[in-house]
Peer 1: 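First the structure, then my questions, so here it is.
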Amino acid sequence: LDQELGSPPLFSMLVNQDIVIQGDACILVPYLECHVPRYHSWMQSPELQEATASEPLSLEEEYAMQKSWKEDADKLTFIILDSSLSEPSIKEMSTSF
């Protein structure tokens, strides 16, 4: 579909914002506010910062970033969960929205 530059998107990724994708080895869940503290702790790693071309953020900045990603109509951001985790952990993480 052709779209004029600067016009609103024809399709918004937000229609998929509550999607959970479950495979044999992992589960993809939307990146939610409840994930921010753990994500923030991961992103303190210099190796991860380099691999993702990321700058260190404060926890408050990380919460703001999560909110902006969640509201972005052009992309979806997922957290990958290990399917071998205990069932309550998976249910808690994938149904908290």
Peer 1: Checking Glu33 now: which residues fulfil side-chain hydrogen bond (donor to acceptor under 3.5 Å, both in side chains) with it, not counting sequence neighbours?
Peer 2: none
Peer 1: Which heavy-atom pair separates Pro37 from Cys34 by the least distance, and what is that distance?
Peer 2: CD-O, 3.7 Å
Peer 1: Taking atom CG as the centre, does Leu48 end up with more than 12 heavy-atom neighbours from other residues, nucleotides or ligands that are less than 6.0 angstrom away?
Peer 2: yes
Peer 1: According to side-chain hydrogen bond (donor to acceptor under 3.5 Å, both in side chains), who are the partners of Glu62, at least two apart in sequence or on a separate chain?
Peer 2: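 With neighbours one apart ignored, the set is His40.
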Peer 1: Taking all atoms of both residues into account, what is the closest heavy-atom pair of Pro30 and Phe78, and its distance?
Peer 2: N-CD2, 3.9 Å
Peer 1: For the atom pair CG (Leu81) and CD1 (Ile21), what is the distance rounded to the nearest 0.5 Å?
Peer 2: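 Separation between the atoms: 12.0 Å.
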Peer 1: Between Gly23 and Ser83, which heavy-atom pair has the shortest distance, and what is it?
Peer 2: O-OG, 3.4 Å
Peer 1: Mind checking whether Gln49 and Pro56 have side chains closer than 4.5 Å, heavy atoms only?
Peer 2: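 Result yes, sub-4.5 Å side-chain heavy-atom pair found.
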Peer 1: Out of curiosity, Glu50 CD to Ser54 OG, how far, rounded to the nearest 0.5 Å?
Peer 2: 11.0 Å
Peer 1: So, taking the atom named CD1 in Ile19 and the one named CG in Leu28, what distance separates them when rounded to the nearest 0.5 Å?
Peer 2: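 That separation rounds to 11.5 Å.
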Peer 1: Would you please name every residue forming a side-chain hydrogen bond (donor to acceptor under 3.5 Å, both in side chains) with Glu55, sequence neighbours left out?
Peer 2: none
Peer 1: With rounding to the nearest 0.5 angstrom, report the NZ to CG distance, Lys70 to Leu76.
Peer 2: 9.5 Å
Peer 1: Mind checking side chain to side chain contact (heavy atoms under 4.5 Å, CB included) for Ser58 and listing every partner two or more places apart, or none if nothing turns up?
Peer 2: Glu60, Glu61
Peer 1: In the structure I gave you, are the side-chain heavy atoms of Gln66 and Thr77 within less than 4.5 Å of one another anywhere?
Peer 2: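 They are not in side-chain contact.
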Peer 1: Could you state the interatomic distance from CG (Asp72) to NZ (Lys67), rounded to the nearest 0.5 Å?
Peer 2: 13.5 Å
Peer 1: Return the set of residues passing side chain to side chain contact (heavy atoms under 4.5 Å, CB included) with Ser41 (not counting sequence neighbours), or none when no residue passes.
Peer 2: Arg38
Peer 1: Please check this pair: side chain of Ser68 against backbone of Met65, looking for a donor-acceptor N/O pair closer than 3.5 Å.
Peer 2: yes
Peer 1: Tell me every residue that passes ring pair (Phe, Tyr, Trp, His ring centres under 6.0 Å) with Trp69, counting only those two or more places apart in sequence or in another chain.
Peer 2: Tyr31
Peer 1: At what distance, to the nearest 0.5 angstrom, does OG of Ser84 lie from CG of Asp24?
Peer 2: 12.0 Å
